[in-house]
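Here's a structure for you.
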Number of protein chains: 2
Amino acid sequence: MNQAKPSIPIGQDGPAEPKYSETAVRILDAAEGLFVELGMAATSLRLITQQAGVNLAAVNYHFRSKDALFEAVFLRRFGPWARACLEELDALERRVAGQPQALTAEVVMSYVRPAVALSKDPARGGAMFVRLFSRVLVENHRQLRETMSRQYGDLVTRYARALGRALPGLSEEEVEWRMHLGFSVMFHAFAGNDILKVFGRSAVSARDPDLIVKHMVPFVVAGLTSPSAGRPPGP
Amino acid sequence: MNQAKPSIPIGQDGPAEPKYSETAVRILDAAEGLFVELGMAATSLRLITQQAGVNLAAVNYHFRSKDALFEAVFLRRFGPWARACLEELDALERRVAGQPQALTAEVVMSYVRPAVALSKDPARGGAMFVRLFSRVLVENHRQLRETMSRQYGDLVTRYARALGRALPGLSEEEVEWRMHLGFSVMFHAFAGNDILKVFGRSAVSARDPDLIVKHMVPFVVAGLTSPSAGRPPGP
DNA sequence: GTATGTTTCAAACAGCTGTTTAAGCCATGA
DNA sequence: TCATGGCTTAAACAGCTGTTTGAAACATAC
């Protein structure tokens with residue numbers, strides 16, 4: 001078994017997003033922008049339908065409720081992104097099938113590449129989606145969170161496995177912590193969640209994905225591979 | 001001039017928080033918890049006053065409006081924290097006045113120490129405040145942001161200066177980026193903004209500040225001091 | 001005692017919220 | 001031609017929103 005196979009099928013034929021009518025798409029697009037800008041609670045259906053140029057009742061007709069709309073807005077973007085990540089992980093496992101362990105930088109890039117591709121693709125929401133994701137993170141939408149952990153929980157497991165192999169000198173607990181910290185940096189860097197900007201004093205507020213990657217990847221890799229309590233760092 | 005003096009006075013006699021009446025404090029406490037849990041938009045004044053056990057009109061009497069209440073909730077916690085950070089920076093500059101440069105870990109700890117102290121002090125809101133802060137970060141409250149940059153903008157400048165001295169081999173741009181990334185990790189780690197938890201698959205959701213520091217500080221220091229484009233890392 | 005200024009209270013204000021209803025439109029297929 | 005089913009529409013629903021009002025309760029000072 002030297003050819004790694006995806007352990008979950010969503011990389012190939014997983015839960016696909018439903019096909020939406022033109023009206024539904026207009027609603028989704030308008031809602032996406034407003035949710036990002038104002039948040040779920042502060043965005044009214046009247047604002048959405050007005051901006052989308054559709055009737056108010058269309059939301060409850062095409063989607064069941066405001067909550068369901070929000071879930072649809074999120075999952076429409078999240079599905080393709082998750083699939084891209086899984087493809088990257090598959091490719092990574094295939095690449096390092098013969099090698100004893102993957103390189104940390106490769107694991108990092110398997111997350112970064114889909115994020116960059118997403119940020120640069122306006123058709124998939126562009127940088128908007130990551131900001132929407134951080135809304136989901138801070139506001140806590142119970143139902144959406146359940147959907148996520150049910151359908152995509154294994155994604156994290158696979159990243160953990162890959163990172164654990166790349167950092168063989170670390171305990172399981174330490175790998176978990178570093179993964180947590182590393183993904184936090186990557187996620188919030190892409191989302192533009194910069195505390196310094198709250199003070200109006202951040203010069204790096206530029207949202208250029210390539211620039212983000214250039215500075216972020218070395219930072220994260222250094223953090224992930226730093227020596228552990230006196231032990232030497234992994235290669 | 002070997003004895004560093006604070007460049008801004010707020011460490012000693014800066015903008016102090018107003019003294020609040022008992023009713024006002026009850027409102028602030030209730031609002032704080034609800035803002036953290038539900039967000040500003042989803043928290044109604046009736047919910048706040050009900051939980052505080054005061055009359056509805058008390059909010060508009062003691063604070064001018066809901067917006068002003070939110071600002072008061074935030075600034076009540078932020079003021080003491082900012083002052084603690086400035087004291088740490090003063091102490092750091094005094095400590096390294098003779099040395100050519102500060103150690104990166106010391107700069108990191110000058111931010112971490114007040115954060116830990118805050119997290120452990122229920123009288124000052126405990127871990128609640130950092131979560132409230134991340135609400136401010138994601139929702140963008142224009143007026144509050146202006147207040148922050150006006151009153152506390154220099155705080156970031158001083159951290160940047162300290163970090164720049166600790167990393168003499170790096171360009172100004174690179175220092176800015178690393179500060180941005182480093183503070184992002186620290187902030188979001190304390191706030192508990194863990195993307196992995198969205199997938200229900202995070203083992204490190206524990207909010208113990210000491211445990212956070214134990215794993216986070218080495219990670220951040222490694223990221224900050226990592227070699228720059230072929231150059232060796234600073235000492 | 002009265003007068004003064006501060007704080008509380010119940011009630012009402014106009015406006016917005018998500019959702020539902022029933023009538024109408026319009027293309028499809030028989 | 002008529003009927004069917006998908007979709008849109010304006011209107012109304014009950015309920016909640018932040019804020020204001022004027023009267024009542026309160027403590028303090030004279």
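Just so it is clear: chains get the letters A, B, ... in the order the sequence lines come, proteins before strands, and each one is counted from 1.
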> Whole Å only: how far is the CD atom of A/Gln50 from the P atom of C/dC16?
Replying inline: 11 Å
> In chain order, what residues pass the salt bridge (charged side-chain N to carboxylate O under 4.0 Å, His left out) check against A/Glu172, with sequence neighbours excluded?
Replying inline: none
> Given Watson-Crick or G-U pairs with both distances under 3.5 Å, what dot-bracket string fits DNA chain C, with | for other-strand pairs and [ ] for crossing?
Replying inline: |||||||||||||||||||||||.|||.||
>> Enumerate the ring pair (Phe, Tyr, Trp, His ring centres under 6.0 Å) contacts for residues 24-58 of chain A, please, sequence neighbours excluded, ordered by first and then second residue.
In response: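 Of all non-adjacent pairs touching residues 24-58 of chain A, those that pass ring pair (Phe, Tyr, Trp, His ring centres under 6.0 Å) are A/Phe35-A/Phe70.
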>> Can you pull out every salt bridge (charged side-chain N to carboxylate O under 4.0 Å, His left out) where at least one residue sits in residues 133-145 of chain A? Sequence neighbours excluded, please.
In response: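 Salt bridge (charged side-chain N to carboxylate O under 4.0 Å, His left out) check on residues 133-145 of chain A returns A/Arg135-A/Glu139.
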> Is there a side-chain polar atom (N or O) of B/His62 under 4.0 Å from OP1 or OP2 of C/dT6?
Replying inline: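 So the side-chain polar atoms of B/His62 never come under 4.0 Å of the phosphate oxygens OP1 or OP2 of C/dT6.
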>> Suppose the criterion is salt bridge (charged side-chain N to carboxylate O under 4.0 Å, His left out): which pairs have a residue in residues 54-64 of chain B, not counting sequence neighbours?
In response: none
>> Is the distance between the ring centroids of A/Phe183 and A/Tyr111 under 6.0 Å?
In response: yes
>> Between P on D/dT17 and CG on B/Leu47, what's the gap in Å once rounded to a whole number?
In response: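 My rounded result for the distance is 8 Å.
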Return a table of donor-acceptor pairs under 3.5 angstrom between the side chains of residues 115-126 of chain A and protein atoms on other chains or two or more places apart.
| residue | atom | partner | partner atom | Å |
| --- | --- | --- | --- | --- |
| A/Ser119 | OG | A/Ala115 | O | 2.9 |
| A/Lys120 | NZ | A/Asp210 | OD1 | 3.1 |
| A/Lys120 | NZ | A/Asp210 | OD2 | 2.9 |
| A/Asp121 | OD1 | A/Ala123 | N | 3.0 |
| A/Asp121 | OD2 | A/Arg124 | NE | 3.0 |

>> Please determine whether a side-chain nitrogen of the Lys or Arg among A/Arg158 and A/Asp90 lies less than 4.0 Å from a carboxylate oxygen of the Asp or Glu.
In response: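 Salt bridge flag = yes for A/Asp90 with A/Arg158.
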>> Looking at C/dT7, I'd like to know if its phosphate oxygens (OP1 or OP2) sit under 4.0 Å from a side-chain N or O belonging to B/Asn55.
In response: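 No, B/Asn55 has no side-chain N/O under 4.0 Å of OP1/OP2 on C/dT7.
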>> My understanding is that only residues two or more places apart in sequence, or in another chain, count here; which of them pass salt bridge (charged side-chain N to carboxylate O under 4.0 Å, His left out) with A/Arg76?
In response: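 A/Arg76 satisfies salt bridge (charged side-chain N to carboxylate O under 4.0 Å, His left out) with A/Asp29, A/Glu32 only.
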Give me the distances for all protein-to-nucleotides 18-20 of chain C N/O pairs that come in under 3.5 Å?
| residue | atom | partner | partner atom | Å |
| --- | --- | --- | --- | --- |
| C/dG18 | OP1 | A/Leu45 | N | 3.4 |
| C/dG18 | OP1 | A/Lys66 | NZ | 3.0 |
| C/dG18 | OP2 | A/Leu45 | N | 2.9 |
| C/dG18 | N7 | A/Arg46 | NH1 | 2.8 |
| C/dG18 | O6 | A/Arg46 | NH2 | 2.9 |
| C/dT19 | OP2 | A/Asn60 | OD1 | 3.3 |
| C/dT19 | OP2 | A/Lys66 | N | 2.9 |

>> At less than 4.0 Å, is any side-chain N or O atom of B/Thr23 found next to OP1 or OP2 of C/dT7? Yes or no.
In response: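 For C/dT7, OP1/OP2 do not have a side-chain N/O of B/Thr23 under 4.0 Å.
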Let me have the donor-acceptor pairs involving side chains of residues 45-60 of chain A, under 3.5 Å, with sequence neighbours excluded, atom names and distances please.
| residue | atom | partner | partner atom | Å |
| --- | --- | --- | --- | --- |
| A/Thr49 | OG1 | A/Leu45 | O | 2.9 |
| A/Thr49 | OG1 | A/Arg46 | O | 3.2 |
| A/Asn55 | OD1 | A/Ala57 | N | 2.9 |

>> Checking A/Glu146 now: which residues fulfil salt bridge (charged side-chain N to carboxylate O under 4.0 Å, His left out) with it, not counting sequence neighbours?
In response: none
>> My understanding is that only residues two or more places apart in sequence, or in another chain, count here; which of them pass salt bridge (charged side-chain N to carboxylate O under 4.0 Å, His left out) with B/Glu37?
In response: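 Only B/Arg131 meet the salt bridge (charged side-chain N to carboxylate O under 4.0 Å, His left out) criterion with B/Glu37.
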>> Nearest whole Å is fine: how far is C/dT17 P from A/Ile48 CD1?
In response: 10 Å
> What residues in residues 28-38 of chain A put a non-hydrogen atom under 4.0 Å from any atom of DNA chain C?
Replying inline: none
